[in-house]
Protein chains: 2
Amino acid sequence: MAKKIIGIDLGGTSVKFAILTQEGDIQEKWSIKTNILDEGSHIVPDIIASIQHRLELLNLTSEDFLGIGMGSPGAVDRFEGTVIGAYNLNWKTLQPIKKDIESALGIPFFIDNDANVAALGERWKGAGENQPDVVFMTLGTGVGGGIVAEGKLLHGAGGVAGELGHITVDFDRPFDCTCGKKGCLETVASATGIVNLTRRYADEYAGDATLKRLIDDGEEVTAKTVFDLAKDGDELALIVYRHFSQYLGIACANIASVLNPANIVIGGGVSAAGQFLLDGVQKVFDENTFPQVRTSTQLVLANLGNDAGVIGAASLVLQ
Amino acid sequence: MAKKIIGIDLGGTSVKFAILTQEGDIQEKWSIKTNILDEGSHIVPDIIASIQHRLELLNLTSEDFLGIGMGSPGAVDRFEGTVIGAYNLNWKTLQPIKKDIESALGIPFFIDNDANVAALGERWKGAGENQPDVVFMTLGTGVGGGIVAEGKLLHGAGGVAGELGHITVDFDRPFDCTCGKKGCLETVASATGIVNLTRRYADEYAGDATLKRLIDDGEEVTAKTVFDLAKDGDELALIVYRHFSQYLGIACANIASVLNPANIVIGGGVSAAGQFLLDGVQKVFDENTFPQVRTSTQLVLANLGNDAGVIGAASLVLQ
């Protein structure tokens, strides 16, 4: 029987696991809560115990597996198989994950950062259609990404290729970014960025849009609130939507002018706004790409949802 | 004896040839004039005759060569070995170059576009220091480029990866670009672009800078004029230099935020301005890159000059 692969998507809230075929089909899925207490020292032992337990249940042994792949937050050393500085896991010191997992389970282990792994997943089995050139952009609390070019995941000289959130897009009135510079895509196109834009334009807006009233009343306003109101034609929400589309459209256009990928796959929580989000971005993209790029690079929504992580993690084993 | 390689750099004025070792060292160099008469129909026969003549002179046969690599303007089909639409060669119809050269010389033939080939050359033996991740940008009449990532030359879904001249960088007062859109890097950072900027700022400038007098007197002003005057402290030339640096610096910063290459190598005629050009761009680059990119991506000047083409062309044989 062909050997299987284990994919692990390690996040600050939960650890997702899957057993997959070498074709990337999920046969089994489960998850556990991430225990970040005691400087995250329980995380790796919990992962090992959960896999051991699952293999027993399924009557499988290490011999049945080609390898384990994992996506992790923080600074990943994919050669050494270590992670450091994953603050949402409380990992402040170097974690020798590969060594611990391989010695406990006897299965070869591979690791990369979570955005890269999600990019691999969407490229392999999702909206990337297994093309050799795919860019994945995730719009969540921040903006992250991963790039596959000529079939290879890019890492860059300093390990930060595909960190698309720090492309400079706002020159006129740049917000400060957590990275220390100004005008980053993340400051205007993440969930937080949409709230930044909403506050900026609400201050200047004198009409009676619903979004304005929510802000003035101190209600919680999220990216979802803004997109839902924009879809309904709320005047202020549409102003925010147009600026968001402009910034994200320029970023996508310039990425495409550099890489000319088959697909730019947009995922993450903000992308739940769906086709409406894509339509605004596409318009700006079309205005800012030259014909050969415009006709060969497609903007698409991610379609694997939460499975992108475990599928992409599994694909690390096959690289 | 180890087999050798022939590298060919086909341009609108001359065809450059070299015989190289597999280590990329040039052993022999020569060139012929490009005869673009009769729809460029003499070009390939001239290339074949020149190689045959040179091999006779050197007492070499096709058996002594691993292959021939060539860089060409126009739209190159690297799989079929054809070129179409190279207007500076008068090639309006499909040119079956690989077929013609292989059947005449009996040596395997490889081809890619000229900017990609120059990128390969600078990466292999020049300022790219043979790093796995190198971006090459050429500032000439236009702005072109080529990208090597994880050791592979990128082509993209539509064959236009690395066409860096059409990144949008000018949002406030964009010039029209020949590509049909506005605000492209090429409109402000090529030799032509620097003249565009000079005319714009000369119109608004009321002082008595030398550059202003040259423009008002209808003298020919080139990128070299502008950089030379800027180095001497000419007030208008410095205004142009600062805007040029801003646009090119933003483009380099955003390329680095996407790809995080070890080097961005700047070449082409405009780069003759040297360290002075680099200093202006570096300042803007540093302001617009986050720390991990800023410390791992270097801006450097190309250092192979005219040899980049033949060296990169030769490297196609080894890919």
Side-chain angles (χ1 to χ4, degrees), chain A residues 75 131-135 145 147-169 171-172 177-185 246 249-251 253-263 284 286-298, chain B residues 75 131-135 145 147-169 171-172 177-185 246 249-251 253-263 284 286-298:
Chain A
Q131 294 285 336
D133 299 284
V134 173
V135 172
I147 300 169
V148 177
E150 300 267 331
K152 299 189 80 167
L153 182 65
L154 305 191
H155 292 91
V160 290
E163 290 274 359
L164 306 174
H166 303 290
I167 296 173
T168 307
V169 294
F171 300 97
D172 288 337
C177 184
T178 51
C179 78
K181 67 184 199 79
K182 291 170 190 291
C184 296
L185 181 62
Q246 178 69 23
I250 287 287
N254 284 349
I255 291 167
S257 296
V258 174
L259 289 168
N260 185 212
N263 293 302
V284 179
D286 288 347
E287 290 161 1
N288 287 282
T289 41
F290 68 108
Q292 294 97 311
V293 167
R294 190 156 61 236
T295 53
S296 58
T297 296
Q298 315 295 320
Chain B
Q131 294 285 334
D133 299 284
V134 174
V135 171
I147 299 170
V148 177
E150 299 268 329
K152 300 190 80 167
L153 183 65
L154 304 192
H155 292 92
V160 289
E163 289 274 357
L164 306 174
H166 303 290
I167 296 174
T168 308
V169 293
F171 300 97
D172 287 337
C177 184
T178 50
C179 78
K181 68 184 198 79
K182 290 170 190 292
C184 295
L185 181 62
Q246 178 69 23
I250 287 288
N254 284 349
I255 291 166
S257 295
V258 174
L259 289 168
N260 185 213
N263 293 302
V284 179
D286 288 347
E287 291 162 2
N288 287 282
T289 41
F290 67 109
Q292 294 98 311
V293 167
R294 190 156 63 234
T295 53
S296 58
T297 296
Q298 313 296 319

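Proteins come first, then strands; the chains are lettered A, B, ... in the order of their sequence lines, and each starts at number 1.
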Exercise. Can you say whether Leu153(A) sits under 4.5 Å from chain B via the side chain, the backbone, both, or neither, judging by heavy atoms?
Worked result: backbone
Identify each donor-acceptor pair in which a side-chain atom of residues 162-169 of chain B lies under 3.5 Å from a protein atom, sequence neighbours left out, and give them as a table.
from: Thr168(B); atom 1: OG1; to: Asn288(A); atom 2: OD1; distance (Å): 3.3
from: Thr168(B); atom 1: OG1; to: Lys181(B); atom 2: NZ; distance (Å): 2.6

For this session: To the nearest 0.5 angstrom, please state how far the CG atom of Leu154(B) sits from the CG atom of Leu259(B).
Result: 7.0 Å
Problem set entry | Those residues that, when tested against Gln292(A), pass side chain to side chain contact (heavy atoms under 4.5 Å, CB included) (two or more places apart) | Phe290(A), Val160(B)
Problem set entry | Ile147(A) portion near chain B, given a 4.5 angstrom heavy-atom threshold | side chain
For this session: Answer whether the closest heavy-atom distance between the side chains of Pro261(A) and Val134(A) falls below 4.5 Å.
Result: no
For this session: Drop me the distance from Ile255(B)'s CD1 to Ile255(A)'s CD1, to the nearest 0.5 angstrom.
Result: 12.0 Å
For this session: Could you tell me whether the side chain of Glu150(A) and the main chain of His155(B) form a donor-acceptor pair under 3.5 Å?
Result: yes
Exercise. When heavy-atom pairs shorter than 4.5 Å are enumerated against chain A, which of Thr297(B), Asp133(B), Asn254(B) gives the highest number?
Worked result: Asn254(B)
Exercise. What part of Asn260(B) gets closer than 4.5 Å to chain A, counting heavy atoms only: side chain, backbone, both or neither?
Worked result: both
Problem set entry | Side chain, backbone, both or neither of Thr289(A) within contact of chain B (heavy atoms, under 4.5 Å) | backbone
For this session: Heavy atoms only, distances under 4.5 angstrom: which of Ala161(A), Ala262(A), Ser296(A) has the most pairs with chain B? Name it, please.
Result: Ala161(A)
Exercise. What part of Asp172(A) gets closer than 4.5 Å to chain B, counting heavy atoms only: side chain, backbone, both or neither?
Worked result: side chain
